[in-house]
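Worth saying up front: this structure is predicted, and the values here are computed from it rather than measured. Worth knowing before you read on, the calculation uses all heavy atoms, side chains too, and leaves out hydrogens, waters and symmetry mates.
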Amino acid sequence: MDFLSDLSDVIFESKLPLITVLLLTLIALVFQLFRLKFSPLPGKKLPPGSFGFPLLGESLSFMRAQKQDRTDEWMQTRIDKYGPVFKTSLAGSKIVVLTGQAGNRFVFSGDDNGISYNQPGNVAKILGKYSVLEISGTKHKLIRGAISKFLKPESIQRYVEEMDSLVQKQLFKELAGKDSVKIVTSMKKINFNVSCSIFFGLPDGKVKDQLLEDFETTVKGILALPLNFPGTVLHRAIQARGRVCKVLSNLIAIRKREMEEGIVDSKDNMISSLLVLRSENGEPLMEQEILDLFLSLIMASNDTSTVLLTHLVRLMSRDSEIYNKVLAEQKEVVEAKKESDGKLTWNGIQMMKYTWRVAQEVMRFTPPLLGNFRQVTRDIHFDGFHIPKGWQLLWVASSTHMNNDIFEDPNKFDPSRFETSSKAAFPPYTYVPFGAGPRMCPGAEFVRAKILLVIHHLITKYQWTELIPDEPVTCDPLPYPAMGLPVKLYQRNGV
Ligand code: HEM
């Protein structure tokens, strides 16, 4: 029986005391007998799979796999055993994992098909009920439209020079004069500072530094136990959320004033563009809606971009051929900048084709987000299986990224598979680091520009080597090097 294999996992690989294991065994046996006798859904064909232990489900083995960066293996074992659609139970929820092109297509197909985007756990408590991850229907369309307008290539072209000077300044602040740094910490700060300046027009200084600290505390609440009283992680997170909202609320008041005085245009930053937004009935957004939206934007953009940058830096310290090819391309951009007064323009970004292919291949191997959840809002069917209302769906990027029917020789790191000529080779819904469909990441172009600017300035000024060879990666829940990727820096001359 499935639960027996889970049990042996727990006994042999976990550090639970024997008495706990025996107690769990007993509960599991009683539960299994109960389940066989009183099946809750007679006659309905549920997806195959195991709910594991009562209460614990398969959470222990999943968490262990995450810690050891073996989540793909955890998924693959179940795909081999049950097929591309299987059920499991994680963190107290019944979940159907959908993998492969058809599974992805089903999840990504929309919000009105019995599948809603609302996120499980503490997400709504932390990001607020108006966060972009919670809203749906016309409100989602309205707000998503406004964010996308600000993040689309035409808009980025307007602020790319500002973004470039922000990246240079932040990189200098983080790296200048140091002979070693932790890449994760530095990249997180650079990402946060650049995004906050571009999105909200927030200047550097103590307020911004405190905002990052409070924001980090806020994010920790997402995975915390749902216990909200003084001393708990969730309580601290909710307090920190209050402080973040206060800073953002002050900024909103300043932007409102500036707009009234005609000092800024509604296109100048995201706050201004949301302040002029009107619903079908001509109603403006409430301040709480704007605040929740901002929190979800910072949340969605910061760690994901940091993971991508971190893995790019790590790869380039390990693979000198890729490092040299990226450097050669970036030297061409330095030459081209001479034609535009030393400024990095949108055209300069377009020249960084090879560098972006490397980033794309990094995201194929290590998608910054494993995948994402959906809620089932009414009984639905997929691939002949019944999925009851109240369960959750989980789509998983790596199950198509590492499939050799889709990607030739998937374990080979090969950026050339993203050359335009071979693009048609990937069927839709198979390369999905940014998701797909109406909820696809609206920040993909913004992140491309930001990542390329950081790599441009980093590689043309520095070389680096890892200080901890073979540092393991651990997913908590995003895949970061366990010790934060400390590197030794060498200043480069003459580029
Ligand atoms: C490498 C960096 C990034 C990756 C890999 C990434 C990936 C994703 C993924 C997988 C989703 C969920 C799609 C789904 O479940 O269907 C998502 C949603 C989202 N992302 Fe990103 N993202 C990145 C950077 C950003 C940035 C920089 C921003 C903002 C500027 C951003 C804003 C959002 C928003 C607002 C959503 C929710 C969209 C909606 O519900 O309509 N992301 N992202």
Side-chain angles (χ1 to χ4, degrees), residues 65-66 68-80 84 99-104 183 304-330 352-371 395-436 441 444 447-448 451-452 455 458-459 463-466 468-475 478-482 485 487:
Q66 286 237 293
Q68 298 168 353
D69 194 29
R70 284 179 23 240
T71 320
D72 289 354
E73 206 181 304
W74 190 95
M75 292 288 167
Q76 198 54 50
T77 312
R78 282 152 184 81
I79 295 170
D80 293 345
T99 64
Q101 186 189 16
N104 287 349
I183 287 296
T304 45
S305 314
T306 306
V307 168
L308 174 55
L309 268 172
T310 301
H311 284 272
L312 261 170
V313 170
R314 189 168 95 125
L315 171 82
M316 287 194 278
S317 67
R318 291 177 178 195
D319 190 323
S320 55
E321 195 185 324
I322 288 182
Y323 177 93
N324 287 327
K325 276 183 163 176
V326 171
L327 179 62
E329 181 172 85
Q330 296 303 336
M352 305 182 193
K353 289 194 168 44
Y354 178 76
T355 312
W356 184 241
R357 274 180 220 136
V358 175
Q360 286 176 297
E361 185 67 338
V362 164
M363 287 190 282
R364 188 180 68 82
F365 264 80
T366 311
L369 286 182
L370 164 78
W395 68 267
V396 183
S398 59
S399 67
T400 49
H401 289 188
M402 300 312 277
N403 182 332
N404 58 10
D405 292 334
I406 300 167
F407 294 93
E408 204 184 312
D409 203 355
N411 291 310
K412 183 174 169 207
F413 190 92
D414 178 11
S416 77
R417 59 175 97 239
F418 290 95
E419 279 167 16
T420 327
S421 53
S422 61
K423 207 174 170 186
F426 315 144
Y429 304 104
T430 57
Y431 178 68
V432 285
F434 294 108
C441 178
V447 98
R448 184 173 77 95
I451 296 288
L452 291 174
I455 294 298
L458 182 68
I459 203 166
Q463 276 179 289
W464 57 93
T465 52
E466 281 179 82
I468 306 175
D470 300 322
E471 181 182 353
V473 168
T474 178
C475 302
L478 269 66
Y480 276 118
L485 192 63
V487 297

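Side chain of Glu471 to main chain of Leu485: a donor-acceptor pair is present (N/O by atom type, distance under 3.5 Å, no hydrogens or angles). With Arg357 contributing its side chain and Ser416 its backbone, the two residues share no donor-acceptor pair below 3.5 Å. Between the side chain of Tyr354 and the backbone N or O of Ala328 there is no donor-acceptor pair closer than 3.5 Å. The main-chain N or O of Pro84 is found under 3.5 Å from a side-chain atom of Thr99 such that the two form a donor-acceptor pair. Remark: side-chain polar atoms of Gln66 are not paired, donor with acceptor, to backbone N or O of Thr71 under 3.5 angstrom. In this structure, the side chain of Arg78 engages the main chain of Trp74 through a donor-acceptor pair within 3.5 Å. Side-chain atoms of Glu329 come within 3.5 Å of backbone N or O of Lys353 as a donor-acceptor pair. Between the side chain of Asn324 and the backbone N or O of Ser320 there is at least one donor-acceptor pair closer than 3.5 Å.
Put simply, the side chain of Thr400 does not reach to within 4.5 Å of the side chain of Phe426, judged on heavy atoms. Two residues are said to be in side-chain contact when any heavy atoms from C-beta on lie closer than 4.5 Å; Val447 and Thr304 fail this criterion. Between Ile406 and Pro427, some side-chain heavy-atom pair lies under the 4.5 Å cut-off. Counting heavy atoms from C-beta outward, Ser399 and Ile79 have side chains that approach closer than 4.5 Å. Side chains of Met75 and Ser398 form no contact here, defined as non-hydrogen atoms less than 4.5 Å apart. With a 4.5 Å cut-off on side-chain heavy atoms, Val432 and His401 count as touching. Residues Met363 and Leu308 meet the side-chain proximity criterion, which asks for heavy atoms closer than 4.5 Å. Looking only at side-chain heavy atoms (C-beta outward), Val358 and Val326 come within less than 4.5 Å of each other.
Considering all non-hydrogen atoms of both residues, Ile322 and Phe413 come closest at CD1-CE2, 3.5 Å. Of all heavy-atom pairs spanning Pro479 and Val307, the tightest one is O-CG1, 3.6 Å. Heavy atoms only, all atoms of each residue included: Val473 and Asp69 are closest at O-CB, 3.2 Å. Counting all heavy atoms, side chain and backbone alike, His311 lies closest to Pro481 at NE2-CD, 4.4 Å. Of all non-hydrogen atoms in Ile459 and Met316, the two that sit nearest each other are CD1-SD, 4.0 Å. When every heavy atom of Phe418 is checked against every heavy atom of Glu361, the shortest pair comes out as CE1-OE1, 3.2 Å.
For Trp356, the ring pair (Phe, Tyr, Trp, His ring centres under 6.0 Å) criterion is met by no residue, not counting sequence neighbours.
Rounding to the nearest 0.5 Å places CG of Leu327 at 10.5 Å from CG of Leu458. Between atom OG1 of residue Thr366 and atom CG of residue Leu312 there is a gap of 10.0 Å, rounded to the nearest 0.5 Å. If you take CD on Gln330 and OG1 on Thr355, they are separated by 4.0 Å, rounding to the nearest 0.5 Å. Of the inter-residue distances, the one linking Leu478 atom CG with Leu369 atom CG reads 5.5 Å to the nearest 0.5 angstrom.
Under the 4.0 Å criterion applied to side-chain N and carboxylate O atoms, Arg318 and Glu466 are assigned as salt-bridge partners.
Stacking of Arg417 on the aromatic ring of Phe407 is not recorded, the 6.0 Å distance cut-off and the 45° axial limit not both being met.
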